[in-house]
J.: 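Dropping a structure here in structure tokens format, bear with me for questions.
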Amino acid sequence: MNRTHTCNALTSENIGERVILSGWVNSRRDLGGLIFIDLRDREGITQLVINPENASDVADICRPIREEWVLTVCGIVGARPDDMVNKKIGTGKIEVNLEKIAIENKSQPMPYHFNDAQASEDLRLKYRYIEMRKTKLGSYLRLRHDITKHIRDYFDENGFIEVETPILSKSTPEGARDYLVPSRVFPGQFFALPQAPQQYKQILMVGGLERYFQMAHCFRDEDLRADRQPEFTQIDVEMSFITEEDIYELVEGLMTSIFREIKQIDIDTPFPRLSYEEAMFQYGSDKPDTRFKMRLVDLSSVVTHSGFQVFKNAIGDGGKVMAINAKGLNSIASRKTIDEWNDIAKLMKAKGLTYLKIEDDGTIKSPIAKFLTEEEINDITNLTDATSGDIVLIVADAFLTAAQALGRLRTEIAEAHGMIPDNTYNFLWVNKFPLLELDEEAASFIPIHHPFTSPVKADIPLLETNPGGVKAQAYDVVLNGVELGGGSIRIHDAELQQRMFEILNISDTEINSKFGHLLDALGFGAPPHGGLAIGFDRLVMLLTGAPSIRDVIAFPKTTKSSCLLMDSPSQVDGQQLNELALTIQQK
RNA sequence: GGGGUUGUAGCGCAACUGGUUAGAGCACCACACUGUCACUGUGGAGGUCGCGGGUUCGAAUCCCGUCAACCCCGCCA
């Protein structure tokens, strides 16, 4: 028997037809005489009725059937009595009176109750096939497919060519830890799985493809988070003969069309832009959530000569006194709550947090009030726009420390107190990043983005005099406080690229062995080019509202990078190790 | 590498201050039931209290270690 309809297809118009359905037993209600079975496939649910008076042989077969058994059934579509219509399902007006039934497969009792949203994630990961059969996961995977298809169409329509780049690649210094694959043919040598197809896509530009994209699988052997998996998918893009503006336009077009198609939401373009410096000053983050205000305020100028030593010293040491105004939260700012906020500030390496409460009657309460003049207090409340019922949180520290502590507090407080509007999607470009940062341990510069990022043209001479002051032609696209993706205009001049490696303190030998191929390629007529990569799993996570990217990946790994379904990683036998010339060191 | 939360029946949970035979619900098994739709009712079975050690007359409960899942810091060009 081959099915004639899905379990969501039948309506009153089919009444009287003989149909064949296949699916899983969603639930079974045996009334002794009458038996009802809800049959489910990926499209929906249809109620089956077995009446022993009409079909006693079918009823006998049905008695032992349990949840999740797999059936193919044949019967006549009938109308339900008016008062028996089930409004919860699309097929609620009809039912199928069974004439024939085939049990395709039995099932063990379910290991957990999937109606139960509380079931532990261990079980959901181990029994991933059950999870995708009955819960949101199945619909998320379908949505993920829809988005993938839409992306491929978008790039195709814009003249892009999808190229697959190797998974067995080469380990290069810098960046994340590599996953390594031993070579059998070259004992003691290794492939690395790509952290990103970065060099390949630049080389595709040298190859004259001009517009490349790929749904690229990437691997990074670093510790996990709710939004980080060891393997993940990027929408990887590279273009020749373009400027930053072309990238902005391309991504804005992609995002608006995805949101229109998938969510029926119109996103405003162009996306607002903030420089890295503005983002840090206003939000204390390089990926600010702009769905709510509570911006950072620099109080340094009004407390430079403060009697409060902590402020004075912080500024004297070249730091800043920064604040946020938690509007209207004075009433909930108990001792305990302020302690929790203080812990968050310390978590972000700040030495501590102080505050200024504006009581309902307008009086100021603050542990540091006695150190401040009336004028200083007035300046603080004016700058932070603080009025009755507000509490101003203040951190004095090195600028970046103070800003990041308040930036973190800002999002924690907003989340905890419902200050973030639902169904709002705030895109943002963050650009003008510094090119390099000083690695204190190694006492040398390391790239903020990656070593192929082009400096802003005007800053190139600064490379020789003040490398830390050079700005990069790099940009991140941020959505609701999540770093969705980022990219840059690349260096396409071999000499400049060589000089960049030298500034990064990479030895000539290493430049040759690790990057010789790239320098070669740049030397054979590399066009100016640039691109970006967008975290596809994160995008789907935000589009579904899922709390973790695990929820939008078919077979995700745990926070220790193991797979509970396959029980990987696992040991291999000695023969395999021998072939690869590997021995295992006991730790 | 570090901090935190959690771990008791197949599942989600309870078990007071360390004290009788670790409980009820869902699922499972059996029986009954012709309009249910998370069917209902009656009965039954089901436990390495994550694992190992310690304290104690006595440990699910206290202590030490360890494992696993999750969240965060570091890390993630």
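To find a chain, count down the sequence lines: A is the first, B the second, and so on, and within it residues start at 1. Side chains are part of it too, since the values below use all heavy atoms of this structure and drop only hydrogens, waters and symmetry mates.
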J.: Can you tell me the base-pairing partner of B:A15? Count Watson-Crick or G-U wobble geometry only, both distances below 3.5 Å, and say none if there is no partner.
T.: none

J.: Counting only side-chain N and O atoms of A:R408, is one of them less than 4.0 Å from OP1 or OP2 of B:C73?
T.: yes

J.: What protein N or O atoms touch nucleotides 1-9 of chain B N or O atoms at under 3.5 angstrom, if any, and at what distances?
T.:
unit_1	atom_1	unit_2	atom_2	d
B:G1	O6	A:D223	OD2	3.4

J.: What class does the angle between the rings of A:H517 and A:F515 fall in, given that below 30° is parallel, 30 to 60° is tilted and above 60° is perpendicular?
T.: tilted

J.: Between atom CG in A:L123 and atom P in B:A68, what is the gap in whole Å?
T.: 17 Å

J.: Per the salt bridge (Lys or Arg N to Asp or Glu O under 4.0 Å) rule, what does the pair list look like for residues 216-225 of chain A, sequence neighbours excluded?
T.: A:R177-A:E222

J.: Check A:E131 with A:K136, please: is the shortest side-chain N to carboxylate O separation under 4.0 Å?
T.: no

J.: Ignoring backbone atoms, establish whether A:T559 has a side-chain N or O less than 4.0 Å from OP1 or OP2 of B:C72.
T.: no

J.: Should B:G44 form a Watson-Crick or G-U wobble pair with both distances under 3.5 Å, which nucleotide is its partner?
T.: B:C28

J.: Just do the side chain to side chain contact (heavy atoms under 4.5 Å, CB included) check on A:D476 and A:W429 with the steps written out, would you?
T.: CA-CA 6 Å; A:D476 281 353; A:W429 287 107; over 6 Å; no

J.: Please tabulate, for side-chain N and O atoms in residues 73-94 of chain A, each donor-acceptor pair with protein atoms closer than 3.5 Å (sequence neighbours left out).
T.:
unit_1	atom_1	unit_2	atom_2	d
A:R80	NE	A:G92	O	3.2
A:R80	NE	A:I94	O	2.9
A:R80	NH1	A:M84	O	3.3
A:N86	OD1	A:K88	N	2.9
A:T91	OG1	A:I45	O	2.5

J.: Whom does B:U6 pair with, Watson-Crick or G-U wobble, provided both distances fall under 3.5 Å?
T.: B:A68

J.: Could you measure between the two C1' atoms, the one in B:G74 and the one in B:A60, and give it in whole Å?
T.: 36 Å

J.: Would you say that A:I549 contacts A:M541 through its side chain, given a criterion of any heavy-atom pair below 4.5 Å between the two side chains?
T.: yes

J.: If we call it a pair only when both distances are under 3.5 Å in a Watson-Crick or G-U wobble match, what pairs with B:C75?
T.: none

J.: Touch check for A:T172, heavy atoms < 4.0 angstrom, all strands: base, sugar-phosphate only, or nothing?
T.: nothing

J.: Identify whether any heavy atom of A:D83 sits under 4.0 Å from a base atom; if not, whether one sits that close to sugar-phosphate; answer base, sugar-phosphate or nothing.
T.: nothing

J.: If the P atom of B:U5 is compared with that of B:C11, how far apart are they to the nearest Å?
T.: 24 Å

J.: In Å, rounded to the nearest 0.5 Å, how long is the span from CD of A:Q195 to NE2 of A:H450?
T.: 11.5 Å

J.: A:I344 has an atom CD1; how far is it from atom C1' of B:C72, in whole Å?
T.: 11 Å

J.: Looking at A:K349, does any N or O in its side chain come under 4.0 Å of the phosphate oxygens OP1/OP2 on B:C73?
T.: no

J.: Got A:Y212 and A:D236 here, is their nearest side-chain heavy-atom distance under 4.5 Å?
T.: yes

J.: Between B:G35 and B:C71, how many Å separate the two C1' atoms, rounded to a whole number?
T.: 49 Å

J.: Given atom CG of A:L224 and atom P of B:C70, what is their separation to the nearest angstrom?
T.: 8 Å

J.: Mark this stacking check for A:F36 against B:U36 as yes or no, applying ring centres under 5.5 Å and ring planes under 30°.
T.: yes

J.: Quick one: is A:R29 getting a side-chain N or O under 4.0 Å of the B:U36 phosphate, OP1 or OP2?
T.: no

J.: Do A:E95 and B:G35 share a donor-acceptor pair, side chain to base, under 3.5 Å?
T.: yes

J.: Taking 4.0 Å as the cut-off, does a side-chain nitrogen or oxygen of A:S27 come that near to OP1 or OP2 on B:C39?
T.: yes

J.: Using atom P of each nucleotide, how far apart are B:C72 and B:U36 to the nearest Å?
T.: 48 Å

J.: May I have the distance from A:E222 (atom CD) to B:C75 (atom C1'), rounded to whole angstrom?
T.: 5 Å

J.: Can a side chain N or O of A:R550 be found less than 4.0 Å away from OP1 or OP2 on B:C71?
T.: yes

J.: Under 4.0 Å, heavy atoms only, any strand: does A:N86 hit a base, just the sugar-phosphate, or nothing?
T.: base

J.: Hey, does A:I45 reach any base, or is it just sugar-phosphate, or nothing, if we go heavy atoms under 4.0 Å?
T.: nothing

J.: Could you work out the separation of B:U66 and B:G7 based on their C1' atoms and round it to a whole Å?
T.: 14 Å

J.: Does any donor-acceptor pair link the side chain of A:R220 with the base of B:C76 at a separation under 3.5 Å?
T.: no

J.: In whole Å, measure the gap between the P atoms of B:C73 and B:U17 for me.
T.: 35 Å

J.: Students often get this wrong, so: under 4.0 angstrom with heavy atoms, is A:Q198 touching a base, only sugar-phosphate, or nothing?
T.: base

J.: Side chain to side chain contact (heavy atoms under 4.5 Å, CB included), that's the test. Do A:F452 and A:I491 meet it? Break it down for me.
T.: CA-CA 6 Å; A:F452 319 112; A:I491 297 169; 5.7 Å; no

J.: Does any pair with a residue in residues 338-352 of chain A pass side-chain hydrogen bond (donor to acceptor under 3.5 Å, both in side chains), and if so which ones, sequence neighbours excluded?
T.: A:K351-A:D397

J.: Compare side-chain N and O positions of A:K88 against OP1 and OP2 of B:A38 and report whether any pair is under 4.0 Å apart.
T.: yes

J.: Write out a two-atom table: protein N or O, nucleotide N or O from nucleotides 27-30 of chain B, distance below 3.5 Å.
T.:
unit_1	atom_1	unit_2	atom_2	d
B:C29	OP2	A:R66	NE	3.0

J.: Show every donor-acceptor pair shorter than 3.5 Å between a side-chain atom in residues 48-57 of chain A and any protein atom, with sequence neighbours excluded, or say none if there are none.
T.:
unit_1	atom_1	unit_2	atom_2	d
A:N51	OD1	A:E53	N	3.0

J.: Looking across every strand, which nucleic acid part, if any, lies under 4.0 Å from A:D221 by heavy atom: base, sugar-phosphate, or nothing?
T.: nothing

J.: Between B:G25 and B:U8, how far apart are the C1' atoms? Round to whole Å, please.
T.: 15 Å

J.: Check this for me: does the side-chain of A:R80 come within 3.5 Å of the base of B:C37 through a donor and an acceptor?
T.: yes

J.: Can you check the distance between B:U55 and B:G47, where both ends of the measurement are the C1' atom (answer in whole Å)?
T.: 25 Å

J.: Using a cut-off of strictly less than 4.0 Å, decide whether A:T558 has a side-chain nitrogen or oxygen near OP1 or OP2 of B:A69.
T.: yes

